[in-house]
Amino acid sequence: MKTNPHDWLNEHGDYLYRFALARLRDQHQAEDVVQETLLAAIKNPNFSEQSSARTWLTGILKHKIIDCMRKQVRETPASQLMIDEDANMDEFFDETGHWAEKPQAWDVPQDALQQKQFLKILQQCMDRLPQKLAAIFAMRDVDEMENDEICKVLEITTTNAWVMLYRARMGLRKCLEMHW
Amino acid sequence: MLNCKQTSLLVSQSLDRRLTWRERMAVRIHLWICVYCRRFTQQLKLIRQQMSRWQQQEITRTDITLPQVARDRITKRLDTEA
């Protein structure tokens with residue numbers, strides 16, 4: 001088992017970077033969390049022999065990514081996080097609560113090409129979401145973190161988390177509808 | 001009777017928590033009569049399913065690598081810390 005941090009960087013640096021970039025969508029932040037991960041790894045190099053170095057490093061990286069997202073959300077003024085349930089949903093619904101623009105039927109991506117195209121649009125739509133909504137959405141729908149855990153790390157209320165996830169999904173869905 | 005706005009909020013929450021029996025019934029009734037909210041529900045499920053696929057795709061991409069500048073910087077930091 002190699003424990004040389006330079007080997008970790010050589011063998012897993014690209015993987016860790018791609019993983020971080022997919023989540024944080026920012027090159028510099030992704031570079032920083034990879035660095036922090038390797039630094040943390042040297043300080044505590046007692047990984048279990050059963051798990052591969054990559055699995056172990058990815059585990060550390062996930063925590064660093066969450067720390068980074070937490071910072072982003074915390075730096076957002078509290079007033080912007082307190083999204084009222086009724087506020088600003090006017091772009092989606094009329095005053096009677098009906099769809100302002102009725103959801104259209106989508107083609108489910110079938111072959112590899114369509115699949116690739118769908119994922120490309122999905123990513124572009126993710127990038128258009130406000131950063132804090134994209135962060136919480138990724139925690140829930142990519143990392144599959146439990147709601148309690150998300151609320152704890154982001155220090156938001158459960159209701160707030162539901163509303164933020166709702167807004168993220170509404171935004172993504174609308175964007176996909178326009179471009180898919 | 002729920003309207004589409006209330007239904008969409010509950011459908012989204014159903015991905016994050018277990019709805020109460022009453023809520024589940026109310027959503028089910030609305031979905032039964034509303035094709036738009038049925039589509040919406042399917043689409044949210046599709047998005048969730050595609051997100052994990054997207055993550056898989058991104059971490060296996062060979063065209064994205066840790067930039068050399070960052071690699072050099074990290075190497076230096078590792079040397080000073082080691």
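Residue numbers begin at 1 in each chain, while the letters A, B, ... track the order of the sequences.
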Spacing of CG belonging to Asn147(A) relative to CD belonging to Gln13(B), to within rounding of 0.5 Å: 9.0 Å
Per-residue contact mode, Gln27(A) against chain B (heavy atom under 4.5 angstrom): side chain
Residue pair Leu78(B) / Trp8(A), side-chain heavy-atom distance below 4.5 Å: no
Residues Arg169(A) and Asp16(B) bridged, charged N to O under 4.0 Å: yes
Verify same cluster id: Ile29(B), Val35(B) (apolar side-chain graph, 4.5 Å): no
Minimum side-chain heavy-atom gap Gln43(B)-Leu176(A) below 4.5 Å: no
Asn10(A), part contacting chain B, at a heavy-atom distance under 4.5 Å: both
Structural part of Leu2(B) lying under 4.5 Å from a heavy atom of chain A: neither
Contact list for residues 136-180 of chain A, test disulfide (SG to SG under 2.5 Å), sequence neighbours left out: Cys125(A)-Cys175(A)
Residue pair Met170(A) / Phe40(B): nearest heavy atoms and the distance that separates them: SD-CE1, 3.4 Å
Steps toward side chain to side chain contact (heavy atoms under 4.5 Å, CB included) verdict (Arg17(B), Trp162(A)): CA-CA 9 Å; Arg17(B) 68 173 171 101; Trp162(A) 289 332; 3.0 Å; yes
With a cut-off of 3.5 Å and sequence neighbours excluded, list every side-chain donor-acceptor pair involving residues 57-65 of chain A.
residue  : atom : partner  : partner atom : Å
Thr58(A) : OG1  : Arg54(A) : O            : 2.6
His63(A) : ND1  : Gly59(A) : O            : 3.1

Residue pair Leu15(B) / Arg140(A): nearest heavy atoms and the distance that separates them: O-NH2, 2.8 Å
Hydrophobic cluster identity match, Trp32(B) and Met1(B), side-chain contacts under 4.5 Å: yes
Whether over 12 other heavy atoms sit under 6.0 Å from Tyr36(B) OH: no
Pairwise distance OG(Ser52(B)) to CG(Asp143(A)) - rounded to 0.5 angstrom: 11.0 Å
For chain B, the option from Arg23(A), Glu31(A), Lys116(A) that forms the most heavy-atom pairs under 4.5 Å: Glu31(A)
Shared hydrophobic cluster for Leu46(B) and Met178(A) (ILVMFWY, side-chain gaps under 4.5 Å): no
Do any side-chain atoms of residues 98-109 of chain A form donor-acceptor pairs under 3.5 angstrom with protein atoms, and if so which ones, sequence neighbours left out?
residue   : atom : partner   : partner atom : Å
His98(A)  : ND1  : Thr96(A)  : OG1          : 2.7
Gln104(A) : NE2  : Lys102(A) : O            : 2.8
Trp106(A) : NE1  : Glu177(A) : OE1          : 2.8

Partner chain A: residue of Gln49(B), Gln42(B), Arg39(B), Arg53(B) with the largest heavy-atom pair count (under 4.5 Å): Arg39(B)
Residue, of Cys37(B), Cys34(B), Ser12(B), that accumulates the most heavy atom pairs under 4.5 Å with chain A: Ser12(B)
Region of Ile150(A) in contact with chain B, defined by heavy-atom distances below 4.5 Å: neither
Check: Phe93(A) and Ser8(B) side chains under 4.5 Å, non-hydrogen atoms: yes
Hydrophobic cluster identity match, Phe19(A) and Leu21(A), side-chain contacts under 4.5 Å: yes
Residues in residues 54-73 of chain B that sit under 4.5 Å from chain A, counting heavy atoms only: Trp54(B), Gln55(B), Gln57(B), Glu58(B), Ile59(B), Thr60(B), Arg61(B), Thr62(B), Ile64(B), Thr65(B), Leu66(B), Pro67(B), Ala70(B), Arg71(B), Arg73(B)
Leu122(A), part contacting chain B, at a heavy-atom distance under 4.5 Å: side chain
Phe137(A) vs Arg48(B) side-chain heavy atoms within contact, under 4.5 Å: no
